[in-house]
Amino acid sequence: SDVLELVGIEKSYHTGKPNQINVLSGADLKITRGEVVALVAPSGAGKSTLLHIAGLLDSANGGVVRIAGQDVAGLSERRRTGIRRAEVGFVYQFHHLLPEFSALENIVLPQLVNGTSQGAAEARGLALLESVGLAARAGHRPAELSGGEQQRVAFCRALANAPKLLLADEPTGNLDPETAEVVFEALMTLARDEGLSAVIATHNPELAARMDRIVRLENGRLV
Ligand code: ADP
Ligand code: ADP
């Protein structure tokens, strides 16, 4: 079945009395297992809004959100948080790594919270770091890493608990082309080997063209 299904999503913001911005107006999206989809839109079109709704960080004003076949409408905040933690990984342009912990610890911690053993968590953390060329940086704290290296650690952290769905906002935006390629290849490998699905907002047309599908956000709808 579909990992993510959005049907007729409506979202508007009220900014003062006469002003209502309709950001999403009937947005539909289906993502199947192992599918990697590029989300392309001009700045301000509503990409972040869409990703936040898909990742249960924000609620729509209308429409249906299903994650792994489950309609999230009417679920308690606690259940939504549970689904988000278990099924969804996020990568942001501005990561929030914990500064007092090493790269590896930043990837291990969410796994410990999720009930994984220390040994298994470290093994997965190291494998993820290795997949993005950072095995030698495992013991370094964020401040000791370059911005691009921190971004790659954030990517690994998002995948720490083997989510079914990765939602990423310009994950390779501040990486040099070679490093962006390494991260992209790591993502495609996870899609192939673990059935990871992903929605990747990107401004890089070349990268978008290599994903399984491109969806454009135009006038509040996905085409
Ligand atoms: P994108 O990620 O594509 O740049 P966003 O989803 O961040 O777009 O924003 C889409 C539109 O909604 C923009 O016009 C933005 O100003 C507006 N917007 C986003 N968040 C809010 C908010 N909390 N309150 C009011 N307007 C918002
Ligand atoms: P901000 O700095 O924008 O006020 P936060 O620091 O709380 O917001 O969050 C930074 C980013 O993390 C935002 O894009 C926000 O949507 C996202 N975020 C907030 N809460 C969570 C959560 N529980 N899980 C994953 N991402 C979250």
Side-chain angles (χ1 to χ4, degrees), residues 1-13 23-24 26-39 46-98 106-117 120-121 124-125 128 153-171 186-188 190-201 211-213 215 217 220 222:
S1 80
D2 296 313
V3 172
L4 171 69
E5 193 178 359
L6 302 178
V7 186
I9 298 296
E10 309 276 338
K11 180 70 178 180
S12 51
Y13 293 110
V23 180
L24 301 173
D28 300 317
L29 182 65
K30 272 190 189 194
I31 308 287
T32 59
R33 182 176 151 84
E35 193 178 27
V36 177
V37 170
L39 174 62
K47 285 191 302 282
S48 303
T49 300
L50 185 83
L51 291 174
H52 285 173
I53 290 171
L56 310 186
L57 291 172
D58 197 0
S59 297
N61 303 124
V64 177
V65 178
R66 287 194 196 93
I67 306 259
Q70 179 163 25
D71 187 341
V72 303
L75 294 182
S76 65
E77 193 50 47
R78 194 189 150 94
R79 280 287 295 133
R80 290 164 63 93
T81 300
I83 292 175
R84 182 170 66 227
R85 291 218 179 111
E87 319 278 11
V88 186
F90 294 91
V91 191
Y92 301 104
Q93 243 166 329
F94 304 100
H95 52 77
H96 298 269
L97 296 175
L98 300 171
N106 265 280
I107 305 166
V108 164
L109 277 171
Q111 297 182 76
L112 298 182
V113 169
N114 204 38
T116 308
S117 72
R124 177 160 176 91
L128 284 166
V153 174
F155 174 81
C156 294
R157 182 188 54 181
L159 297 165
N161 285 322
K164 290 193 179 75
L165 176 66
L166 180 73
L167 301 173
D169 203 347
E170 286 284 329
L187 170 66
M188 295 315 259
L190 285 167
R192 195 183 57 223
D193 295 351
E194 291 189 5
L196 173 71
S197 306
V199 180
I200 314 284
M211 298 185 202
D212 297 319
R213 187 154 59 97
V215 294
L217 186 50
L222 292 163

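As the structure is a prediction and not an experimental result, all values here were calculated from the model.
Here the OG1 atom belonging to Thr49 is positioned 7.0 Å from the CG atom belonging to Asp58, to the nearest 0.5 angstrom. Separation of atoms OG1 (Thr116) and CG (Asn161) is listed at 5.5 Å; rounding is to 0.5 Å. For the atom pair CD1 of Ile31 and CZ of Arg66, the computed distance is 14.5 Å after rounding to the nearest 0.5 Å. Taking CG of Asn61 as the reference point, atom OH of Tyr13 lies at 9.0 Å (rounded to 0.5 Å). For the atom pair Leu57 CG and Thr81 OG1, the distance stands at 9.0 Å (nearest 0.5 Å). Atom-to-atom distance recorded for Ile83:CD1 and Gln70:CD is 4.0 Å, nearest 0.5 angstrom.
Annotation: side chain of Leu166 is in contact with side chain of Phe155 (closest heavy-atom distance under 4.5 Å). Side-chain atoms of Leu50 and Leu6, non-hydrogen and from C-beta on, do get closer than 4.5 Å to each other. Taking 4.5 Å as the limit, every side-chain heavy atom of Leu75 sits out of range of all side-chain heavy atoms of Leu56. Using a 4.5 Å heavy-atom cutoff, the side chains of Leu4 and Ile67 are in contact. Contact annotation: the side chain of Ile200 approaches that of Leu187 to within less than 4.5 Å [non-hydrogen atoms, C-beta and beyond]. Two residues are said to be in side-chain contact when any heavy atoms from C-beta on lie closer than 4.5 Å; Leu24 and Leu217 meet this criterion.
Pro163 and Ala158 get closest at one heavy-atom pair: CG-O, 3.5 Å. The two residues Ile107 and Cys156 have their closest heavy-atom pair at CD1-CB, 3.4 Å. Shortest non-hydrogen contact noted between Glu10 and Gly26 is OE2-N, 3.3 Å. Shown here for Gly125 and Gln111, the closest heavy-atom pair between the two residues is N-NE2, 4.1 Å. For the residue pair Met188 and Val36, the shortest heavy atom distance occurs at SD-CG2, 3.9 Å. Contact between Ala27 and Gly220 at its shortest, heavy atoms only, is CB-O, 3.7 Å.
Looking at residues two or more places apart in sequence or on another chain, you find a salt bridge (charged side-chain N to carboxylate O under 4.0 Å, His left out) between Glu87 and Lys164. By the salt bridge (charged side-chain N to carboxylate O under 4.0 Å, His left out) test, Arg33 is found to be paired with no residue, residues two or more places apart in sequence or in another chain being considered.
For the residue pair Asp169 / Ser48, a side-chain donor-acceptor distance below 3.5 Å is found, with atom types taken as modelled.
Of the possible polar contacts, none joining the Asp212 side chain to the Val37 backbone as a donor-acceptor pair under 3.5 Å is found. In terms of modelled atom types and a separation under 3.5 Å, the side chain of Ser197 and the main chain of Thr32 share a donor-acceptor contact.
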Report task. Tell me, with the steps shown, if Leu29 and Ile9 meet side-chain contact (heavy atoms from CB on, under 4.5 Å). Result -> CA-CA 9 Å; Leu29 182 65; Ile9 298 296; over 6 Å; no
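Taking a 6.0 Å sphere around CZ of Arg80, one finds it holds more than 12 heavy atoms contributed by other residues, nucleotides or ligands.
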